[in-house]
Amino acid sequence: MGGRMNRAVRTNHPGVPGDRLLAWTFIGLPVLGLLLFFGYPLIVIGLRSFLGQGDVLSLAHYRRLWTDPGLPRVMLHTLWVSGTTMLLTTVAALAIAMALHRSRMKGKWLVRGVLILPLLAPSLVQGLGLIFLFGRNGLVHRLTGLPTDIYGFASLVAADVLYALPQAVLIISVALVRTDRRYYDAAESMGASAWRQFIDITLPQAKLGLLSAAFVVFTITITDFGNAMVVGGSYRVLASEIYNQVSGQMDFGMGATIGMVLLLPAILSLYIEHVASRQHNGSEHALPSEAPPGRGRDAALSMTCIGLLLPVAVVLATVFYASFVKLWPYDFSLTLAHYHTNLPDGYTPILTSLKISIAVAIFGTLLLFMLAIGMRRLSPALARIVAFLAMMPAAVPGMIIGIGYVLAFNHGPLSHWLYGSLAIVALCNFYHYHTQGFLTISTGLRTVPAALEDATTCLGGGPLQSTRDAVLPFVAPALVSTFFLLFMQSMVTLSAVTFLVTPELNLASVSVMQLNENGFISQAAAYSACIVAVVAVALGLMRLSTARIGIYLQQRGKLHVA
Amino acid sequence: MTHSLGKLGTGYQDVPRFKDARSRIDANSRTAQVALMRIATRLAAAFAVYALACGWAQAGSITVYTALENDEVSVYLAAARQAMPDLHVHVLRLSTGDLAARLIAESAAPHNDVIWGEALTDMLDPRIEAELAPVTSPNIAKLPSRYRAPDDKWFVATGYLAAFCVNTDALAAQHLPMPTSWADLAKPVYKGQVVMPDPQSSGTGYMIVAAILQGMGADKGWALLKQIAGNVAQFSPSGSSPCKLARTGEFPIGVSFAFTAMQSIRQGFPIRMVIPSSDVAYQLEASAMMKTSANQVDAKRFLDWIASPQAAALYRKYKSIVAMPGAGPTPEQIKDGLPADIAHRLYPMDFKASMENRAATIARWKSDVAN
């Protein structure tokens with residue numbers, strides 16, 4: 001960040017009126033939002049961890065982390081699961097991102113399509129699918145007679161990898177997409193093997209993306225309890241311990257304490273920011289290059305993609321199939337009966353979720369873009385603080401955010417507008433997924449040729465012009481990805497919004513949870529299938545419109561680069 | 001507006017040739033004043049009508065938080081609407097634990113008027129109990145005294161029993177005998193065949209542990225719990241999940257509650273419901289009015305209906321415990337496995353003690369049983 005900053009200062013025309021104001025609006029608005037709708041609720045719930053018996057200040061809750069008969073073991077479990085998931089997912093995501101951007105593999109559209117499937121469906125679906133397939137009485141057992149038993153560590157890791165993979169691929173892709181072709185040309189002419197090129201060019205170029213992806217995977221698995229609840233069996237992790245404390249034993253203080261412990265990995269984000277500040281920017285002639293022909297490489301990457309994504313597709317297809325089956329696994333005759341839901345609100349919650357998610361995607365992408373751009377004008381020290389804040393939300397479990405929102409906004413000056421409104425759900429969803437969007441866009445910003453931006457500024461362009469003409473064309477892919485990520489996550493996220501629904505405001509993901517809790521599992525599967533269908537149609541429509549914007553921006557970008 | 005015009009006027013009033021202009025401005029400002037007044041009156045009138053309309057709308061409208069299941073709630077609500085056509089009931093359904101957490105989190109400014117069917121153990125939490133107002137009504141008064149709070153802050157219309165969901169297919173495939181009691185679950189033949197809710201996360205799980213400890217005494221109770229835990233393949237997070245795992249044949253025996261067991265039988269799964277022969281574990285579902293409720297008259301009407309004989313007639317289709325004295329289980333329930341004399345087999349549980357001992361019991365569970 002330091003290098004960028006100096007350059008910006010050097011080329012900044014002090015005389016351009018409104019320049020400063022604009023820069024401060026760009027940074028001020030998103031930071032204000034972060035402080036009010038992420039920092040404030042987090043502090044409100046965080047304070048509970050320091051309140052002992054009789055509401056006096058005490059560290060008793062923190063002491064219990066060691067003295068409690070179960071917690072130390074649970075903490076080890078958590079590190080073990082999240083660490084394994086992080087390694088597996090990052091490697092797998094790199095392979096898929098390579099296949100998408102560094103190969104001439106056939107059927108990339110299919111890979112892209114299957115990859116986003118887990119993002120479209122409520123998290124219950126993956127757990128259900130795994131049980132339907134590999135459970136003790138799952139399809140595999142019934143067809144082959146093998147003694148399958150999936151509950152525990154291995155399947156928890158499997159479910160977590162499926163859950164985190166799309167987000168990791170997204171971030172790594174943005175880093176890979178614009179590595180300068182001339183590096184590879186030079187290596188090629190010096191006779192470097194494809195493997196050497198991978199080790200010496202691709203990996204260093206993608207370092208920031210890889211680190212960011214690993215960070216996101218680690219923090220989101222450490223904070224997710226959905227998978228642990230469904231396939232974890234008796235294997236307990238810290239996130240499920242929060243659920244135990246809050247919903248099982250009404251102990252907000254202990255729940256908040258574990259939430260605070262889970263914030264620790266956010267410190268790792270400081271290291272990412274440190275790496276980011278040293279990373280070179282894209283060079284002005286960097287064009288996305290078609291990978292050179294390489295049959296062996298393409299075959300290997302294709303096999304990897306099939307190996308990784310076939311399970312994803314099969315797991316989801318099984319749940320889809322089960323939604324049409326009369327009585328899983330005893331009567332396999334087909335029926336549409338499960339699509340006749342017995343929820344009082346029927347399918348209208350899907351529309352509510354759709355409205356909220358579109359708002360989250362539009363305003364969220366805009367705010368994140370403003371933040372990422374604005375941060376380039378901050379001093380390195382200040383930028384580091386803002387970046388830390390922006391990367392923290394992934395480390396906060398949804399349940400903690402949800403209760404924090406209730407405690408912070410249920411009463412007080414804002415409650416009149418916020419309680420029970422679409423806005424509070426939208427805000428909650430946006431700040432819950434702030435980190436992923438922020439990392440995607442900042443990684444994308446690294447691909448902007450610094451000289452190009454400077455040139456625009458030198459030619460008298462204010463920050464607005466340089467943003468529009470130099471930055472936007474290069475960041476467009478990252479913005480589009482962030483837009484879709486926010487949209488999809490907001491459609492299906494559950495743990496935080498459970499606390500924000502009211503009799504008048506019900507959501508699609510909460511409806512699925514209710515059907516499952518009430519024992520109507522096939523109906524829950526059918527409802528999930530409807531959500532997937534609606535999200536897929538919405539994605540298709542939005543793709544069409546963003547494709548037009550993308551083409552326009554790309555033409556602009558090419559004009560300038562040429 | 002008029003104020004600034006007046007000021008402008010005073011500055012120029014001594015200059016003769018401005019006098020005419022000044023009076024014109026004054027006239028204008030007077031017309032403007034009149035017009036503004038007229039608009040203000042109309043606005044006020046409109047607002048009064050609006051407020052009145054809102055008041056009326058609210059007079060027949062209450063917000064209810066419930067932990068009952070969705071399918072039963074829709075049946076009860078349809079009947080309530082028939083009995084009280086002018087009352088609009090807005091219902092939010094959450095699981096017992098989530099509901100208690102929500103009530104505590106919202107306690108600074110509650111948004112509901114009524115709590116309907118929350119586990120009594122949670123309702124007795126001092127943080128929730130402090131939010132309740134005493135309610136008396138003709139129907140509530142008819143309930144047996146053990147189903148009413150001494151201070152009238154809550155009453156119980158229904159309850160549920162712990163039950164084994166036994167998958168007859170899976171049981172036969174493994175040639176296992178049908179378990180009939182808690183002690184049976186501790187037998188070596190069932191090793192790895194039992195799923196039970198985790199008392200750390202599930203109200204049902206804690207209810208079972210509390211019932212065994214209260215019924216058998218601490219020493220015998222903990223010894224049995226340890227033995228059962230040795231056979232348990234999985235401690236599941238929620239009370240209904242063991243039954244859901246059992247009905248799809250994942251495990252032959254799921255320790256769960258009667259509602260889910262009977263529902264699974266209705267849906268057609270090969271499930272047999274077994275109520276343990278002794279130390280029956282049960283939970284009461286309590287209802288109450290919030291002391292912050294702005295619609296206490298309607299809240300009381302609704303609560304009175306919950307305790308009514310008409311409502312009780314509907315409960316019998318879903319519930320294993322109905323507080324209103326009268327007919328016992330339906331023939332269908334008896335066929336599903338509910339003992340006809342269940343009302344007389346309930347051990348007088350001390351729910352207050354259950355609530356107070358929860359933290360200590362779970363701590364002992366973690367150190368002695370779960371390890």
Side-chain angles (χ1 to χ4, degrees), chain A residues 68-71 73 131-132 135-138 149 151-152 225 228-230 232-234 236 240-241 243-252 255 326-331 342-344 402-403 406-407 410-412 415 419-420 498-499 501-504 506 514-522, chain B residues 63-64 69-71 73-74 77 90-95 97-98 100-102 104-106 108-109 111 122 125 127 169-170 198-203 205-206 232-238 240-241 243-245 248-251 259-260 263-264 267-270 358-359 362-363 366-367 370-371:
Chain A
D68 186 279
L71 279 175
R73 193 178 41 150
I131 293 181
F132 284 171
R136 297 194 355 154
N137 198 23
D149 188 348
Y151 306 96
F225 75 98
M229 299 272 271
V230 184
S234 299
R236 291 279 175 275
S240 41
E241 194 60 35
Y243 179 85
N244 290 356
Q245 295 294 345
V246 172
S247 284
Q249 298 156 47
M250 318 309 143
D251 190 343
F252 284 22
K326 205 164 175 194
L327 192 70
W328 188 279
Y330 295 105
D331 181 354
N342 61 7
L343 282 179
I403 293 188
V406 177
L407 292 176
N410 175 56
H411 55 282
S415 72
Y419 177 80
T498 319
F499 288 91
V501 292
T502 69
E504 276 73 38
N506 205 354
Q514 288 181 342
L515 285 171
N516 177 50
E517 271 180 0
N518 289 194
F520 296 94
I521 298 195
S522 298
Chain B
T63 300
V64 175
E69 314 280 323
N70 263 322
D71 36 342
V73 165
S74 10
L77 276 185
H90 305 279
V91 175
L92 176 66
R93 198 267 152 194
L94 294 165
S95 68
D98 286 351
R102 176 86 174 241
I104 295 169
E106 282 188 355
H111 294 274
D122 290 341
D125 186 308
R127 291 166 292 179
D169 266 26
D198 188 344
Q200 298 178 54
S201 58
S202 149
Y206 179 63
V232 168
Q234 192 181 124
F235 288 103
S236 69
S238 86
S240 62
S241 40
C243 196
K244 288 185 281 190
L245 287 167
T248 50
E250 288 294 302
F251 298 91
F259 185 93
T260 323
Q263 182 202 53
S264 304
Q267 288 187 23
F269 290 101
R358 171 144 53 190
I362 285 176
K366 282 205 248 186
S367 58
N371 266 329

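None of these values were measured; they are calculated from a predicted model. Within every chain, numbering begins at 1; the chains are lettered A, B, ... in the order of the sequence lines, protein sequences first and strands thereafter.
- Looking at B:A363, only its backbone comes within 4.5 Å of chain A, counting heavy atoms on both sides.
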Apply side chain to side chain contact (heavy atoms under 4.5 Å, CB included) to the pair A:E517 and B:N70, showing each step before the final yes or no.
CA-CA 9 Å; A:E517 271 180 0; B:N70 263 322; over 6 Å; no
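- At a threshold of 4.5 Å between non-hydrogen side-chain atoms, the residues A:R136 and B:L245 do not count as touching.
- To the nearest 0.5 Å, the span separating CG on A:N516 from OG on B:S240 amounts to 7.0 Å.
- Using bins of under 30°, 30° to 60° and over 60° for the plane-to-plane angle, the ring pair A:Y330/B:F269 lands in the perpendicular bin.
- Chain A forms more heavy-atom pairs under 4.5 Å with one residue of B:A359, B:G203, B:P270 than with any other, namely B:P270.
- Considering every non-hydrogen atom in both A:V406 and B:A105, the closest pair reads CG1-CB, 3.6 Å.
- Most heavy-atom pairs under 4.5 Å with chain B: of the set A:V501, A:V246, A:I403, A:N342, this distinction falls to A:V501.
- If you measure heavy-atom distances from A:Y419 to chain B, the contacts under 4.5 Å come from the side chain alone.
- Nearest heavy atom pair, residue B:T248 against residue A:P329, reads O-CG, 3.5 Å.
- When heavy atoms are compared at a cutoff of 4.5 Å, B:D125 approaches chain A solely by way of its side chain, counted from C-beta outward.
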Between B:F235 and A:R236, is the side chain to side chain contact (heavy atoms under 4.5 Å, CB included) condition met? List the steps.
CA-CA 10 Å; B:F235 288 103; A:R236 291 279 175 275; 4.1 Å; yes
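- The minimum heavy-atom distance between B:Q267 and A:G519, with the atom names listed, is NE2-O, 3.5 Å.
- Ranked by heavy-atom pairs under 4.5 Å with chain A, the list B:I362, B:T260, B:T63 is led by B:I362.
- Taking chain B as the reference chain and counting heavy-atom pairs below 4.5 Å, the highest number among A:I521, A:D149, A:N244, A:L407 is found for A:N244.
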Using the side chain to side chain contact (heavy atoms under 4.5 Å, CB included) rule, take B:E250 and A:I131 through it: C-alpha gap first, then chi angles, then the decisive distance, then the call.
CA-CA 9 Å; B:E250 288 294 302; A:I131 293 181; 3.8 Å; yes
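- Here the closest heavy-atom approach between residue A:M250 and residue B:R127 is recorded as O-NH2, 2.8 Å.
- Here the OH atom belonging to A:Y151 is positioned 10.5 Å from the OG atom belonging to B:S236, to the nearest 0.5 angstrom.
- Closest approach of A:S234 and B:A233 over heavy atoms only: OG-O, 4.0 Å.
- Going from atom CG of A:N506 over to atom CZ of B:R93 covers 11.5 Å, rounded to the nearest 0.5 Å.
- Both the backbone and the side chain of B:F251 come within contact range of chain A, judged by heavy atoms closer than 4.5 Å.
- The candidate with the highest count of non-hydrogen atom pairs below 4.5 Å against chain B, out of A:D68, A:V230, A:L343, is A:D68.
- Of all the listed residues (B:Q200, B:H90, B:E69), the one sharing the greatest number of non-hydrogen pairs under 4.5 Å with chain A is B:Q200.
- A 4.5 Å side-chain heavy-atom check between A:P503 and B:L92 finds at least one atom pair inside the cut-off.
- Here the shortest heavy-atom pairing between A:F499 and B:R102 reads O-NH1, 3.0 Å.
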